[in-house]
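Note sheet for the following structure.
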Amino acid sequence: GEKTVTLSTEQIETLKPKIDQAQFFSLEKTYVCEGCADQFTYSLDITLGSQSNIVSYQDGSNPPAGLLELDKYLLTLLR
C-alpha cells in the first residue's frame, strides 16, 4: 500500500545527505527486471524544496545501491 509521511525538521536534516548520496534527483524514473514475472514494484516520491523525483524499481532490477539504501532508511521512518 501507499504511505505518505511528513517528516520533522530533524528527520529532514538526517535524510538530506542520504538523498544526495543516492543522487536521487538524477536517477532514472524506472528500473525494471527484464524477463521477470510477478515482481514487487517499489516507488519513492521525494520532494525537497524545488526538487522532485519519483523513482520506481522492481525486485531483481539491480537498481543503484544508493537507491536501495535510501529506501531502507525511509522504511525505518515508517515504523
Side-chain angles (χ1 to χ4, degrees):
E2 183 176 312
K3 295 183 182 182
T4 301
V5 177
T6 301
L7 303 176
S8 69
T9 302
E10 181 181 316
Q11 288 172 316
I12 291 170
E13 291 306 315
T14 302
L15 182 58
K16 281 181 182 179
K18 296 177 186 309
I19 292 170
D20 291 341
Q21 187 174 27
Q23 299 178 341
F24 184 79
F25 298 113
S26 302
L27 292 175
E28 296 177 25
K29 300 286 186 198
T30 307
Y31 297 89
V32 297
C33 181
E34 298 296 332
C36 298
D38 298 325
Q39 301 302 104
F40 284 105
T41 300
Y42 309 92
S43 293
L44 281 72
D45 181 345
I46 298 176
T47 300
L48 190 60
S50 63
Q51 294 182 300
S52 183
N53 197 9
I54 301 171
V55 178
S56 298
Y57 69 94
Q58 294 179 330
D59 285 336
S61 64
N62 198 26
L67 176 60
L68 295 177
E69 287 299 316
L70 178 59
D71 193 17
K72 182 178 175 182
Y73 177 74
L74 289 172
L75 286 174
T76 68
L77 299 177
L78 296 175
R79 296 183 183 148

For [X], check side-chain contact (heavy atoms from CB on, under 4.5 Å) against everything at least two apart and list the hits.
X: L77; result: L7, Q11, Y73, L74
X: I54; result: D45
X: S50; result: none
X: C36; result: C33, Q39

### Query
Any side-chain heavy atom of S52 sitting closer than 4.5 Å to one from I46?
no

### Task
Decide yes or no for V55 and L67: does some side-chain heavy atom of the first lie under 4.5 Å from some side-chain heavy atom of the second?
yes

### Task
Please name the pair of heavy atoms, one in L27 and one in N53, separated by the smallest distance, quoted to 0.1 Å.
O-ND2, 3.5 Å

## Note on the structure
For P63 and L68 the tightest heavy-atom approach is CG-CD2, 3.6 Å

## Note on the structure
Sorted by chain and number, sequence neighbours left out, salt bridge (Lys or Arg N to Asp or Glu O under 4.0 Å) with E34 holds for none

### Message
Could you walk me through whether L70 and F24 satisfy the side chain to side chain contact (heavy atoms under 4.5 Å, CB included) test, starting with their C-alpha distance in whole Å, then the side-chain angles of each, then the deciding distance to 0.1 Å, before giving a yes or no?
### Response
CA-CA 9 Å; L70 178 59; F24 184 79; 3.7 Å; yes

### Task
Could you grab the distance from atom OG of S61 to atom CD of E28, nearest 0.5 Å is fine?
10.0 Å

### Message
Working to the nearest 0.5 angstrom, can you tell me the gap between S26 OG and Q51 CD?
### Response
8.0 Å

### Message
Keeping T14 on the side-chain end and E10 on the backbone end, is there a donor-acceptor pair under 3.5 Å?
### Response
yes

### Message
Tell me every residue that passes ring pair (Phe, Tyr, Trp, His ring centres under 6.0 Å) with Y42, counting only those two or more places apart in sequence or in another chain.
### Response
Y57

### Task
In sequence, state the C-alpha distance, the side-chain angles, and the governing distance for V32 and T41, and then conclude on side chain to side chain contact (heavy atoms under 4.5 Å, CB included).
CA-CA 9 Å; V32 297; T41 300; over 6 Å; no

### Task
Let me see the working for D20 and F25 under side chain to side chain contact (heavy atoms under 4.5 Å, CB included), right down to the final yes or no.
CA-CA 8 Å; D20 291 341; F25 298 113; 5.6 Å; no

